[in-house]
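A short write-up of the structure that comes next.
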Amino acid sequence: MNNPDPQVETLVDLNAIAHNVRILAEHAGDAAVMVVVKADGYNHGAVEVGRAAIAAGARELGVTTLEEAVALRAAGITAPILCWLNTSDADFASGIAADIEIAVPSVAHLEAVAAAARRVGRTATVSLKVDTGLNRNGVSATEYPQVLALLRQLVDEQVVRFRAIFSHLAHADSPHHPTIDIQRDRFLECIAAAKEQGLQPELVHLANSAAALTRPDLAFDMVRPGIAVYGLSPIPEISDFGLRPAMTFRARVALVKRVAAGEGVSYGHEWIAEHDTTVALIPAGYADGVPRTLGGRFDVWLGGERRPNIGRVCMDQLVVNLGENASGVREGDTAILFGGEGFPHAQEWADTLGTIHYEIVCAPRGRVIRTYIGGE
Ligand SMILES: *Cc1c(COP(=O)(O)O)cnc(C)c1O
């Protein structure tokens, strides 16, 4: 057969991305939507997701590094792009030249951006990332007055255009957690302090996916969702919010064979056949993003039903038990490791492993080929 489907694949549904963006836009009301496509679009493809999101009504894109931002611009995306986590010696000039909005978390960063703007001979667009209680990235309360003073000077000199103030929540996935209101109050104080310096932000934003879906009072001028865009609920215990998972992780059966009662399967023979059985070999392992610690604790969808993984997950492969009801499963058939409705869900892997689905969808890599359906 010519052009068979890839052996191991993440299939990304751009129509699901568009659907999820529309759900987020409904929740946002009058606020705009910035879609976060950091880490290559949570491993879904930043450029393709970015394009689909803009087409579906998102206004801006957000990423972590300058390199990620410049790559989106190089791919022809003209929407505003914000990046928010760079070392202070990063190549800010490349971002300024590509009209990337740069978030600064310190005086040192702001000085470096200003120096780059002077060198390039272009005004840099800068946002303030303020720390309101996450105590991770963002301007600390102690340094904030100095940052404002320097920013005021740079705006006056037209070295910098002041775009936005934004912050990030620590407990957004617990919508009634008291720290959320504390962070909101500190955020409002930061905005007020900037205005006292004559620094009027064009917009302010605070809400990630969880807040965008559960705290409409925190939408401000723009919401900044990531995970929900990819169709995974930021608070699965509350609701799926009508989101559709965009990623299907699948692989094609490499081998079907009989295993006799009493035989052990895979390294260490952790699974022993009680009866004669039929097994299928799936060419996906921990090098492809199937965690080894999942071994024997998950099902794949194959031949119209769930089939349990048996024995250890290896670097390149895993085995599933078809039992006596092999349903005509044949070599070349497609097994779904996780995907959308009706299939095993990334959340199940996360629950089993004691992690979050964010980490699960970021895992497929290496030999895994990414393909797309939907979109224009
Ligand atoms: C990753 C990130 C987001 C998106 O968070 P989700 O929980 O995926 O919606 C928003 N803002 C910042 C600053 C981030 O780092």
Side-chain angles (χ1 to χ4, degrees), residues 17 20-21 23-25 27-28 31-44 46 49-50 53 58-66 68-69 72 80-86 100-105 109 126-139 163-175 177 179-180 183-184 186-187 190 203-216 218-241 243 245-247 346-347 350 355-362:
I17 298 287
N20 299 329
V21 168
I23 286 187
L24 287 155
H27 281 83
V33 177
M34 166 186 280
V35 163
V36 178
V37 292
K38 63 190 181 190
D40 201 11
Y42 292 43
N43 203 27
H44 292 64
V49 169
R59 198 181 68 190
E60 308 201 9
L61 300 178
V63 293
T64 302
T65 65
L66 281 161
E68 290 177 303
L72 292 171
I81 301 169
L82 169 68
C83 69
W84 55 66
L85 179 51
N86 295 286
I100 304 300
E101 177 181 339
I102 299 164
V104 293
H109 286 80
V126 164
S127 284
L128 291 180
K129 188 172 201 314
V130 294
D131 189 346
T132 53
L134 182 57
N135 290 303
R136 206 181 61 175
N137 193 12
V139 186
R163 182 91 204 289
I165 299 181
F166 71 107
S167 191
H168 197 37
L169 297 167
H171 283 282
D173 51 354
S174 309
H177 199 282
T179 62
I180 296 179
Q183 286 197 260
R184 175 203 56 204
R186 290 180 181 169
F187 186 54
C190 287
L203 74 166
V204 300
H205 45 101
L206 180 62
N208 64 355
S209 296
L213 291 166
T214 61
R215 292 289 304 259
L218 301 180
F220 292 97
D221 301 308
M222 188 163 74
V223 295
R224 220 173 49 236
I227 198 72
V229 171
Y230 305 95
L232 298 173
S233 172
I235 321 179
E237 54 281 18
I238 292 187
S239 172
D240 68 8
F241 302 97
L243 301 165
M247 180 188 286
Q347 181 66 38
T355 184
I356 53 177
H357 48 43
Y358 293 69
E359 189 177 4
I360 302 301
V361 292
C362 282

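Atoms within each ligand, like the ligands themselves, are counted from 1 in listed order.
Within the set Tyr230, Phe166, Tyr42, the minimum heavy-atom distance to atom 6 (P) of ligand 1 is found for Tyr42.
Counting heavy atoms closer than 4.0 Å to ligand 1, residue Arg224 contributes atoms from both its backbone and its side chain.
Ring-plane geometry between His177 and His171 is classed as parallel, the angle between the planes falling under 30 degrees on a 0 to 90 degree scale with a further cut at 60.
For atom 7 (O) of ligand 1, the closest non-hydrogen atom on the protein side is Tyr358 OH, 2.6 Å. Atom 9 (O) of ligand 1 has as its closest protein heavy atom Ser209 OG, 2.5 Å. For atom 2 (C) of ligand 1, the closest non-hydrogen atom of the protein is Lys38 NZ, 2.6 Å.
Between the Asp221 side chain and the Val204 main chain, a donor and an acceptor come within less than 3.5 Å of each other. Remark: the backbone N or O of Ser233 is paired with a side-chain donor or acceptor of His357 at under 3.5 angstrom. Between the Asn43 side chain and the Val361 main chain, a donor and an acceptor come within less than 3.5 Å of each other. The backbone N or O of Ala172 sits nowhere less than 3.5 Å from a side-chain atom of Asn208 that would complete a donor-acceptor pair.
In terms of N/O distances under 3.5 Å, ligand 1 is not approached by Lys129.
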Query - Worked verdict on His205 versus Phe220 for ring pair (Phe, Tyr, Trp, His ring centres under 6.0 Å) - result: CA-CA 6 Å; His205 45 101; Phe220 292 97; 9.5 Å; no
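The closest approach between a heavy atom of Pro225 and any atom of ligand 1 is below 4.0 Å.
Taking a cut-off of under 4.0 Å to the non-hydrogen atoms of Ile227, the atoms of ligand 1 that pass are 6 (P), 8 (O), 9 (O).
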